[in-house]
Amino acid sequence: MNRFDRLPRASTIFKVVLLVVAVVVITLASFLIGGNIDWLLPLAGSAEAKSVDQLFRFLAIVGTMITLAIVALLVYSGFAFKRAPDDYSDGPPIEGSLQLEILWTILPIVLVTFLGVYSYDVYLKLIRSNPQTGASHHLGPQSQLREVAQVTDSPELGPKREGQAELTVAVESVQWAWVFTYPQSGGLTTAELHLPVNRPVVLKMTAKDVIHGFWVPEFRLKQDIIPGRTTEIRLLPDRVGEYVLHCTQLCGTYHGAMRATVFVQTAAEFEKWRTTQVAVGGRDAAVATVVDPAPLLTPLRSAQTAQLVKHFQPQPNRGSE
Amino acid sequence: MVDVSASQTGSNRATGDWRRYFTFNTDHKVIGIQYLVTAFTFYLIGGLQAMIIRAELATPEANVVSQDAYNGLFTLHATIMIFLWIIPMSAGLGNYLVPLMIGARDMAFPRLNAASFWLIPPAGLVLLSCYLVPSGPPQAGWWSYPPLSLQAIQVGEQTVFNYGQSLWCIGVGILGISSILAAVNFIATILAMRTEGMTLFRMPIFIWNTLVTSVITLLGVPILTAAVVLLWSDLALGTGFFDPARGGDPVVYQHMFWFYSHPAVYIMILPAMGAVSEILPTFARKPLFGYRVVAISTVAIGVIGFTVWAHHMFTSGTPDWLRLFFMITSMAIAVPTGIKVFNWVATIWGGKLWLTTPMLFAMGFVGMFVAGGVTGVMLASVPVDIHVSNTYFVVAHLHYVLFGGSVLGLYAAVYYWFPKMTGRFLNETLGKVHFWTTIIGLNLAFLPMHQVGLLGMPRRVAEYLPQFTFLNQIVSLGAAVLGISTLPFLLNVLISWLAGTQAESDPWRSHGLEWTVSSPPPLENFGQLPVITAGPYEYGIVGKGAGPEDPSEAQTSSTRGDT
Ligand code: HEM
Ligand SMILES: [Cu+2]
Ligand SMILES: [Cu+2]
């Protein structure tokens, strides 16, 4: 027995090196994605968005790792276990392994339990200010969820805002336009959504004809708007900027073009915009129905809404700048 | 694994008359081929629509087709791909293989079997005839959510009745009936017609998957059919089940629709998983790792699959408790799914791989399916889904599972069983060209969709913001590659069916029961019914055909296989 017998064989060394390289590459790639989720997600524009992004980052890292690991195992097998050209013999008759089965049953259970708890926690943060009753009428307006709804100033959602009332905006969706009404400003009606930064907002959303969807990617919030009910979304925009509101529920011919511009402005700019708009008479008598955020009992047919939309051509003056 | 008397192989060859494929034939093998060819024809139509869709999305403006035509295109594309391609294709494989794999001479109800096939071509024609009616095709997506699906259609200055949507309801209704009939037949056949010794835990995994798929179909489709009937009644008879303008509730439709359509994703993936579970052991020359665990996971997927439907409604009119409940169940279903993946990898590990085309497709299936499963878990997480629901991220997810999963699995199955069905091999070179162009095209087309969705592009739009142009052009390029990748396959099937290399009864040296009969199998399959004494994956055991050195190989016919 000479001393070379104790040294690992070249092929073993190669395998170990390959394994180390694979682990390093897969880990790096996963964290590269996790560390650069701004490639994947637009900049967060609401207090609600931050914890969603953390959760997404975690899922993206774990997901990339799992996918790359399985693909790497498959590719490695393709090279390492390929049979020799004339080899028609079989592989080893291994039928399974109880230990391995237990291992890879427990591993995913632990992982999804963790993901479940984590997601649950993030969702509780979201609904602390933004509960969805799904318009379940049996819960009733006095239900506990409604009470929580008033606590927009949860500490998770940023600094406390003393004595600042929420801003209510009625959001109307019709085929294929958005109409925003500010009841606290005498029913000012616009085709753009202007929101002051760092002030809690309540959007009371209704649909006139078919289901539409409210989505501003930067806010990370999405909610279908179902005709016949008022659906609420609460949020705290916390970054000044110009965003796009997309309709996300197929709503007919011009669904893809059903967008509106969203301006998140400083309090002073918002105030300036608001007063100029009220001065030019933003309230249009012809659309007085729009002011009322209560749902229509009878949603309109497409021809009727087409009539209505004509009143809401986007206004030329964009905000206060 | 089977006692085969020499007399029953090769004797009694089925008559080769091609005309029987156009008749109300009751032979399960004829019906199987009828299903496969019909489904593939619809696949070509659905694929052509996908090409137009991607041409439209190559630029941000709506310029190739009108917006209405675009909405019609994706509605029919999805409907055809799901109801006329993947589901009937899987049913076709099942029809061909189930009796052969369990040792039966035919399905339990041969006439019912023919009837369930013959419902499909008319249903497909009803659906496609929507291009001939004044309102044009349905435009409400394959979900057909009311009230959009109930709206009259604006044609020029006129408002016309939504004939397209009516035809959609009728077509989907007929296809549902066809599915139910086929499911009853599969369940009866598998439970009652297994040959002696074919115990439940000796059934091939493909049979387990077909069984679970059929049970899901039987429990789910009636709900879909009910939803579609009520929808049609709202549309055509003026009732108000789902129409809020008449006091109905559209969210009820959503629940009914997804109560079927979530389990339907398992109807679409389980048969492919079953095929892959047959192919991997054959070409790895190793037993399927953890056979019982894989079988039980299949059942678990079927059961849990019925408890997750509302994850498609996380942003709809659903209360918080419901969202959280369905988040937990949706995550739970990843566990049996993950277990299957690990067992497939372990089956390959340490084997002696024959890298044939079916093996490549099967391994591709495992890799691509994992990518789709992982994004599925991300979607199950409510806070993340609220951001990505109804965006291109979901489109990416569903194509990784449906194309990367189901379609690759079905292709693997075609390459694998083609010699059995026709007595001829598919060409390996064309097969490999097909595989690699498919893998490249698929990732080029569907990977960037994740990003474009996360960044803010909703789905089902004919126009999008200019900043998404570059990513969309890569996607469209990938789609073109995918379109082209179908050509070598088509060519291959046409040439090989007529003039391919002749195949023996067991060209892959598989241990499955279907390989003990001649290729193509004789009428009635088995002269004398075989008696089963062992499981289907006994590779590598000396004395059971473990290779040339094994003395038991002496009696086995000659072998063949490419690498
Ligand atoms: C790991 C298991 C899976 C999970 C947790 C999962 C989860 C989800 C979720 C939550 C959605 C809804 C996203 C949304 O609309 O907001 C979705 C959509 C979808 N999934 Fe999966 N999925 C899984 C596997 C599959 C499989 C195996 C298939 C099919 C073979 C599939 C096909 C689809 C389809 C077709 C859609 C889109 C439906 C539509 O919106 O048109 N999924 N999935
Ligand atoms: Cu829309
Ligand atoms: Cu689902």
Side-chain angles (χ1 to χ4, degrees), chain A residues 40-42 52 55-56 59 63 66-67 70-71 73-74 77 81-83 87-93 95-96 101 104-105 108-109 112 115-116 119-120 122-123 126-127 131-136 210-211 213 217 220 222-224 226-228 246 248 250-254 256-257 298-299 302, chain B residues 67-68 141 145 147-148 151 244-245 250 284-287 289-290 293 315-320 324 328 331 334-335 338-339 342 345 348 350-355 363 366-367 370-371 374 378 381-384 386-387 389-390 451 454-456 458 460-463 539-541 546-548 559:
Chain A
L40 297 175
L41 289 168
V52 177
L55 173 62
F56 176 79
L59 284 168
I66 295 175
T67 310
I70 298 283
V71 171
L73 286 175
L74 291 169
S77 305
F81 305 127
K82 191 174 176 213
R83 66 158 181 176
D87 183 358
Y88 286 96
S89 64
D90 280 2
E95 302 211 329
E101 298 291 351
W104 61 49
T105 307
I109 289 181
V112 298
L115 289 180
S119 306
Y120 197 101
V122 171
Y123 192 63
L126 285 188
I127 61 173
Q132 288 300 325
T133 58
S136 315
V210 299
I211 305 175
R220 311 283 191 275
K222 182 180 291 122
Q223 178 59 47
D224 286 4
I226 296 163
H246 297 270
T248 47
L250 177 64
C251 59
T253 311
Y254 297 107
T298 315
S302 49
Chain B
Q67 281 91 346
D68 279 340
Y145 274 9
L148 179 66
Q151 278 193 327
R285 310 308 305 164
K286 268 181 71 200
F289 202 88
V293 180
T315 65
S316 179
T318 43
D320 294 320
L324 291 170
I328 304 303
M331 290 197 169
V335 176
I339 293 174
F342 291 128
V345 175
I348 299 169
K352 298 217 169 164
L353 307 193
W354 301 15
L355 293 181
M363 290 170 77
V366 177
V370 169
V374 159
M378 297 174 89
S381 168
V382 181
V384 172
I386 287 182
H387 177 60
S389 174
N390 260 329
Q451 191 181 4
L454 285 162
L455 285 174
R460 301 180 164 159
V461 295
E463 47 216 297
Y539 296 96
I541 300 171
T559 56

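Per chain, numbering begins at 1; letters A, B, ... match sequence-line order.
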Colleague: Indicate yes or no for a side-chain donor-acceptor contact from K222(A) to the backbone of H387(B) under 3.5 Å, with no hydrogens or angles considered.
Modeller: yes
Colleague: About how many Å separate CD1 of I386(B) and CZ of R220(A), when rounded to the nearest 0.5 Å?
Modeller: 12.5 Å
Colleague: Where is the tightest heavy-atom contact between I541(B) and P93(A), given as atom of each residue plus distance?
Modeller: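 Where I541(B) meets P93(A) most closely, the heavy atoms are CG1-CB, 3.7 Å.
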Colleague: Quick one: what part of I339(B) sits under 4.5 Å from any heavy atom of chain A, side chain, backbone, both or neither?
Modeller: both
Colleague: If you round to the nearest 0.5 Å, how far is CZ of R285(B) from OH of Y88(A)?
Modeller: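 Reported to 0.5 Å precision, the distance equals 10.5 Å.
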Colleague: Could you measure the distance from the OH atom of Y120(A) to the CD1 atom of I328(B)? Nearest 0.5 Å is fine.
Modeller: 7.5 Å
Colleague: Rounded to the nearest 0.5 Å, how far apart are SG of C251(A) and CZ of R460(B)?
Modeller: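 Atom-to-atom, C251(A):SG and R460(B):CZ are 11.5 Å apart.
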Colleague: Mind ranking A371(B), P383(B), G290(B) by heavy-atom pairs under 4.5 Å with chain A and telling me who comes out on top?
Modeller: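 Ranked by contacts with chain A, first place is P383(B).
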Colleague: Do you know which two heavy atoms are closest between L74(A) and G367(B), and how far apart they sit?
Modeller: CD1-N, 3.4 Å
Colleague: For the residue pair G540(B) and D90(A), what are the closest heavy atoms and their distance?
Modeller: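 Heavy-atom minimum between the residues: N-OD2, 2.8 Å.
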Colleague: Out of the candidates I211(A), D224(A), V210(A), only one should pair with P250(B) under the side chain to side chain contact (heavy atoms under 4.5 Å, CB included) rule; please name it.
Modeller: I211(A)
Colleague: Do you know the tightest heavy-atom contact between S119(A) and M331(B)?
Modeller: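 For S119(A) versus M331(B), the nearest heavy atoms are OG-CE, 3.9 Å.
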Colleague: Quick check on E95(A) against chain B: is it the side chain, the backbone, both or neither that has a heavy atom closer than 4.5 Å?
Modeller: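 Both backbone and side chain.
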Colleague: Does atom CZ of F81(A) have more than 12 heavy-atom neighbours from other groups under 6.0 Å away?
Modeller: yes
Colleague: Which region of V366(B), side chain (C-beta onward) or backbone (N, CA, C, O), has a non-hydrogen atom less than 4.5 Å from a non-hydrogen atom of chain A, or is it both or neither?
Modeller: both
Colleague: Rounded to the nearest 0.5 Å, how far apart are CG of L55(A) and OG of S381(B)?
Modeller: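 The distance works out to 4.0 Å.
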Colleague: Testing the basics here: between P227(A) and P244(B), what is the closest heavy-atom pair and its distance to 0.1 Å?
Modeller: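 Here P227(A) and P244(B) meet closest at O-CB, 3.7 Å.
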Colleague: Counting heavy-atom pairs under 4.5 Å with chain A, which one of V384(B), V382(B), L148(B), I348(B) comes out on top?
Modeller: L148(B)
Colleague: For the side chain of K352(B) and the backbone of G91(A), is there at least one donor-acceptor N/O pair under 3.5 Å apart?
Modeller: no
Colleague: Would you check, one step at a time, whether the test side chain to side chain contact (heavy atoms under 4.5 Å, CB included) holds for S77(A) with L353(B)?
Modeller: CA-CA 8 Å; S77(A) 305; L353(B) 307 193; 4.3 Å; yes
Colleague: Taking all atoms of both residues into account, what is the closest heavy-atom pair of S316(B) and I226(A), and its distance?
Modeller: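 Closest approach of S316(B) to I226(A): OG-CD1, 3.9 Å.
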Colleague: Looking at V122(A), L59(A), L41(A), L250(A), which one has more heavy-atom pairs under 4.5 Å with chain B than the rest?
Modeller: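 Most heavy-atom pairs within the cutoff with chain B belong to L250(A).
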Colleague: What part of V293(B) gets within 4.5 angstrom of chain A, counting heavy atoms only: side chain, backbone, both, or neither?
Modeller: side chain
Colleague: Determine, stepwise, if the pair E101(A) / F342(B) fulfils side chain to side chain contact (heavy atoms under 4.5 Å, CB included).
Modeller: CA-CA 9 Å; E101(A) 298 291 351; F342(B) 291 128; over 6 Å; no
Colleague: For chain B, which of G213(A), P92(A), G63(A) has the most heavy-atom pairs under 4.5 Å?
Modeller: P92(A)
